[in-house]
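What follows is a short report on a single structure.
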Amino acid sequence: MKAELYSKISSYIFIVLMVVTAVVLVMFYGVGYDNQSAVTGGAYVTDPQYTDLLMYWMYALMAITIISVAVFGLLQFGANMVANPKSAIKSLGALLAMVALFVVAYAFSSTEPILINGVVFEDTTILLITDVCLYVLYILLAVSLASAIFSLLGVFKMFNKVKA
């Protein structure tokens, strides 16, 4: 009963997040490119009308993901520490993998200035955060696609042994 409730709640949350993402993407791609943004040096660039909305939504999704993995990982670790200390060590794997992912993404990130519509952008903090987020996104997308393909091919069936 409890598992069914959690499954329904997570399904509803997923649907809401997907609908909001679809609306934001339609607004970003469908509204137009008449937004003038001031950049360093007093110049202006033309960007999509809802670029800021898309960026804030991506930041929110990234923050939700990071916080969820950390909180639920720690909760599972605490529950396993009481019930089975050996399996508690295994539950730290997700947290360590997340930390390792961000460390690797940070190591590959660059703060080299970039040219945007003829204007040099030099804010090293924004460049670093953007690079880290993009690398994490690329890695997680690749892992998700590989997992989906392996699942469709039945590679994971050997791990789904039911214990009686």
Side-chain angles (χ1 to χ4, degrees), residues 1-40 44-77 91-117 119 121 123-157 159-160:
M1 180 68 177
K2 198 174 189 180
E4 290 177 18
L5 177 65
Y6 290 150
S7 178
K8 283 185 179 183
I9 290 172
S10 66
S11 294
Y12 292 141
I13 291 171
F14 177 70
I15 289 169
V16 167
L17 291 175
M18 291 301 292
V19 167
V20 171
T21 301
V23 168
V24 169
L25 286 174
V26 166
M27 290 172 67
F28 177 75
Y29 286 113
V31 171
Y33 289 81
D34 57 352
N35 190 28
Q36 294 287 320
S37 298
V39 293
T40 308
Y44 288 91
V45 295
T46 302
D47 56 357
Q49 190 70 28
Y50 291 103
T51 302
D52 55 344
L53 177 65
L54 180 63
M55 294 301 291
Y56 291 138
W57 181 242
M58 288 175 29
Y59 291 144
L61 289 177
M62 184 70 83
I64 289 168
T65 302
I66 292 168
I67 291 168
S68 297
V69 168
V71 167
F72 290 121
L74 289 174
L75 288 174
Q76 183 176 359
F77 176 73
S91 68
L92 282 178
L95 291 175
L96 294 176
M98 183 179 73
V99 169
L101 174 64
F102 277 93
V103 168
V104 168
Y106 180 81
F108 283 105
S109 297
S110 170
T111 59
E112 183 177 326
I114 58 174
L115 189 64
I116 302 173
N117 289 341
V119 179
F121 184 78
D123 188 346
T124 57
T125 304
I126 298 296
L127 289 168
L128 185 67
I129 290 172
T130 304
D131 269 5
V132 169
C133 289
L134 286 173
Y135 286 136
V136 167
L137 178 77
Y138 297 152
I139 292 168
L140 291 177
L141 180 64
V143 169
S144 297
L145 289 174
S147 296
I149 291 170
F150 289 156
S151 179
L152 288 172
L153 295 175
V155 173
F156 298 125
K157 284 186 181 181
F159 299 111
N160 293 331

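The figures that follow rest on heavy atoms only: side chains count, while hydrogens, waters and symmetry mates do not. The model shown is predicted, which means the values in this text are computed figures rather than measured ones.
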Let me check something: any side-chain donor-acceptor pairs from residues 53-63 under 3.5 Å, sequence neighbours excluded? List them with distances.
| unit_1 | atom_1 | unit_2 | atom_2 | d |
| --- | --- | --- | --- | --- |
| Trp57 | NE1 | Thr21 | OG1 | 2.9 |

Tabulate below the donor-acceptor pairs under 3.5 Å that side-chain atoms of residues 126-150 make, not counting sequence neighbours, or state none.
| unit_1 | atom_1 | unit_2 | atom_2 | d |
| --- | --- | --- | --- | --- |
| Thr130 | OG1 | Ile126 | O | 2.7 |
| Asp131 | OD2 | Ser110 | N | 2.8 |
| Ser144 | OG | Leu140 | O | 2.8 |
| Ser147 | OG | Val143 | O | 2.9 |

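Here the CG atom belonging to Asp52 is positioned 10.0 Å from the CZ atom belonging to Phe28, to the nearest 0.5 angstrom.
Nearest heavy atoms, Ser7 versus Ser10: O-OG, 3.0 Å.
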